[in-house]
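Throughout, protein chains are lettered first and strands after them, A, B, ... in sequence-line order, and every chain is numbered starting at 1. These values consider heavy atoms only, across backbone and side chains, with no hydrogens, waters or symmetry-generated copies.
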Number of protein chains: 2
Amino acid sequence: MQELRQFKADIFQALAHPTRIAVVELLRDGEMSAGQLIERLGVEQANGSQHLAVLRAKQVVVNRREGNQVFYSLRDPVLVEVLDILKRYFLEQLKGTRTMIEEMEAEGESPAVAKARR
Amino acid sequence: MQELRQFKADIFQALAHPTRIAVVELLRDGEMSAGQLIERLGVEQANGSQHLAVLRAKQVVVNRREGNQVFYSLRDPVLVEVLDILKRYFLEQLKGTRTMIEEMEAEGESPAVAKARR
DNA sequence: TTAGTATATTCGATTGTTATTATACACGGC
DNA sequence: GCCGTGTATAATAACAATCGAATATACTAA
């Protein structure tokens, strides 16, 4: 059980950076070379390569060399499911925020607002 | 889109620690007081409270005070889904590892073994 | 008010993560 | 062999996360 939690924590940590999330999203529909990825990400070459190294270390992606280039792909597309779930979660949270904002606007400064601010 | 990725990264980071994953799992079936949580986690009081603060800051959990105690619960149980998906993912990965080990045992020291060690 | 219990926060030491710069490695063509 | 292109790896510096110890806060009961 402890091992499983460590494993989950490692996966979460692998994805705990916007650039690496972007990589997973870019690989959603198939493989892509390191160069293409880095160009799409709009980051420095070394930086992009380091992020790919993190994803490799945590086995989130796999790669294959073809001549000069290295192609990356998702090891298991189940992670895309996770991202999709989080998108729904994000939208839920936004709804909550919107409700909160509306309450603030409707009520002005009030206990509800103070509570929401915490 | 960038904002959504940052949001996802924040959630992942909130869960990128075995203790905090344990908290989410403990809250799976309902709320629990900070004290109960910390006891079950088997961590120092201050440390547990700090981890709860992280989960609060990222809105993963919410809390309510009742007298002397503070009860925590999951803000959105959808995160449990994510953990369940990762369990399946973990088992998949284990299957791969087992296959790898079997190959190693069957073939002895060989190029395939060297490759698997990387 | 004082004491006791439950929880949170602050501080400081340690360790981990990130971006940048520079350098190394791997491959193909010549 | 040498060059060019694509990719990975040090090395550093700035910053963030973690933990334990001590302290602070919130509440209850007496």
Interatomic distance where [atom1] belongs to [X] and [atom2] belongs to [N] [whole Å]:
X	N	atom1	atom2	result
E31(A)	dT7(D)	CD	P	12 Å
D10(A)	dA17(D)	CG	C1'	15 Å
L52(A)	dT18(C)	CG	P	13 Å
R56(B)	dT7(C)	CZ	P	12 Å
R65(A)	dG6(D)	CZ	P	12 Å
H17(A)	dA17(D)	NE2	P	12 Å
N63(A)	dT7(D)	CG	P	11 Å
L55(A)	dT18(C)	CG	P	10 Å

Indicate, with a heavy-atom threshold strictly under 4.0 Å, whether [X] touches base, sugar-phosphate, or nothing.
X	answer
A46(B)	base
N47(B)	sugar-phosphate
Q13(B)	sugar-phosphate
F71(A)	nothing

Testing the basics here: between L26(B) and M32(B), what is the closest heavy-atom pair and its distance to 0.1 Å? O-CE, 3.7 Å
Please evaluate the base of [N] for a donor-acceptor partner in the side chain of [X] within a cut-off of under 3.5 Å?
X	N	answer
Q50(B)	dT10(C)	yes
N68(A)	dT5(D)	yes
Q45(B)	dG20(D)	no

Look at the side-chain N and O atoms of H51(A) and state whether any lies under 4.0 Å from the OP1 or OP2 oxygen of dA19(C). yes
Is the phosphate of dA8(C), meaning OP1 or OP2, less than 4.0 Å from a side-chain N or O of Y72(B)?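 The answer is yes; a side-chain N or O of Y72(B) sits under 4.0 Å from OP1 or OP2.
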Test T19(B) against every option in L41(B), L37(B), V54(B) by the side chain to side chain contact (heavy atoms under 4.5 Å, CB included) rule and name the one that passes.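 For T19(B), the side chain to side chain contact (heavy atoms under 4.5 Å, CB included) check succeeds only for L41(B).
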Go through dC19(D), dT9(D), dA6(C) for me and flag the one nearest to the S49(A) side chain. dT9(D)
Side chains of L15(B) and K8(A) in contact at under 4.5 Å (non-hydrogen atoms):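 No, too far: nothing below the 4.5 Å cut-off.
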For DNA chain C, whose closest nucleotide is more 5', that of G67(A) or that of A16(A)?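 Whichever sits nearer the 5' end wins; that is A16(A).
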Which residue, E66(A) or E44(A), contacts DNA chain C at a nucleotide closer to its 5' end, judged by nearest heavy atom? E44(A)
Side-chain donor/acceptor of R65(B) to backbone N/O of G67(B), under 3.5 Å: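 Yes; at least one donor-acceptor contact below 3.5 Å.
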Report yes or no: do R64(A) and Y72(A) form a side-chain donor-acceptor pair below 3.5 Å?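 Side chains of R64(A) and Y72(A): no pair found under 3.5 Å.
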